[in-house]
Amino acid sequence: REVLKYSKPLTYQNCEEVETNFNNHLDQRKNEIIIDFSKIAFLDSAGLELLLQMHNEIKHRGGALKLLHLNELCIDILKATQLIDVFRVYEDMNKAIKDNI
C-alpha cells in the first residue's frame, strides 16, 4: 500500500507528474494506492481522465486505487460526471486502509 499526497490541483498542468509517480509505485508492485486529496482543491477533465486510467491499470493488476479526503467540489465533479461510483472514495484513512481490495 502506498499513500500519495499532492498539494496542487489535479489538472492538465500536473497530470504528467502524478502519472509518473503512480507508475513508479506500480513498478514497485504496489497493489493498493491511496491518493490523499486533502490539499487538492480542484480537478479538471485531464485529472479525471488520469484517475480513470490509473483506476483501470491498477484494477487490471488486481489492485485498487482509493481516493481519500476529497473536498465538496471534487465530490461534485465526480458526481456530475457519474464517476463517483467508479472510484473507492473515503473520508477516513483507517477505513481506506481496512477496506479490502
Criterion side chain to side chain contact (heavy atoms under 4.5 Å, CB included) against Lys66, the qualifying member of Ile97, Val89, Ile34 =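 Testing each of Ile97, Val89, Ile34 against Lys66, the sole residue satisfying side chain to side chain contact (heavy atoms under 4.5 Å, CB included) is Ile34.
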Gap separating the [atom1] atom of [X] from the [atom2] atom of [Y], nearest 0.5 angstrom:
X	Y	atom1	atom2	result
Gln13	Asp44	CD	CG	7.5 Å
Ile84	Gln82	CD1	CD	11.5 Å
Asn31	Glu2	CG	CD	11.5 Å

Minimum heavy-atom distance between [X] and [Y], given as atom pair plus value:
X	Y	result
Ile77	Leu43	CD1-O, 3.4 Å
Leu65	Ile58	N-CG2, 3.5 Å
Lys95	Asp92	N-OD2, 2.9 Å
Leu73	Ala41	CD2-O, 3.8 Å
Cys74	Phe37	SG-CD2, 4.3 Å
Ile33	Lys30	CG1-CB, 4.4 Å

task = Start with the C-alpha gap between Asn56 and His60, add the side-chain angles, then the distance that decides, and say whether side chain to side chain donor-acceptor pair (under 3.5 Å) holds.
result = CA-CA 6 Å; Asn56 290 336; His60 175 73; over 6 Å; no
Any link between [X] and [Y] through a network of hydrophobic side chains (Ile, Leu, Val, Met, Phe, Trp, Tyr) touching at under 4.5 Å?
X	Y	value
Leu83	Tyr12	no
Ile40	Leu68	no
Leu48	Phe42	yes
Met93	Tyr6	no
Ile75	Tyr90	no

key: Within 6.0 angstrom of Gln28 CD, more than 12 heavy atoms from elsewhere   =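 Atom CD in Gln28 is crowded, with more than 12 foreign heavy atoms closer than 6.0 Å.
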ask   = Short question: side chain of Asp36, backbone of Lys5 - any donor-acceptor pair under 3.5 Å?
value = no
request  = Say whether, by atom type as modelled, one donor and one acceptor occur between the side chain of Asn23 and the main chain of Glu19 under 3.5 angstrom.
outcome  =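 Confirmed, Asn23 side chain pairs with Glu19 backbone.
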Do [X] and [Y] come close enough that some side-chain heavy atom pair is under 4.5 Å?
X	Y	result
Ile35	Leu10	no
Leu52	Phe87	yes
Phe22	Leu50	no

ask   = Checking side chain to side chain donor-acceptor pair (under 3.5 Å) against Glu57, which of Arg61, Gln53, Lys59 comes through?
value =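 Of all the options given, the one that passes is Arg61.
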ask   = What do the steps show when you test His25 against Asn21 for side-chain contact (heavy atoms from CB on, under 4.5 Å), and what is the final call?
value = CA-CA 7 Å; His25 289 291; Asn21 196 3; 3.2 Å; yes
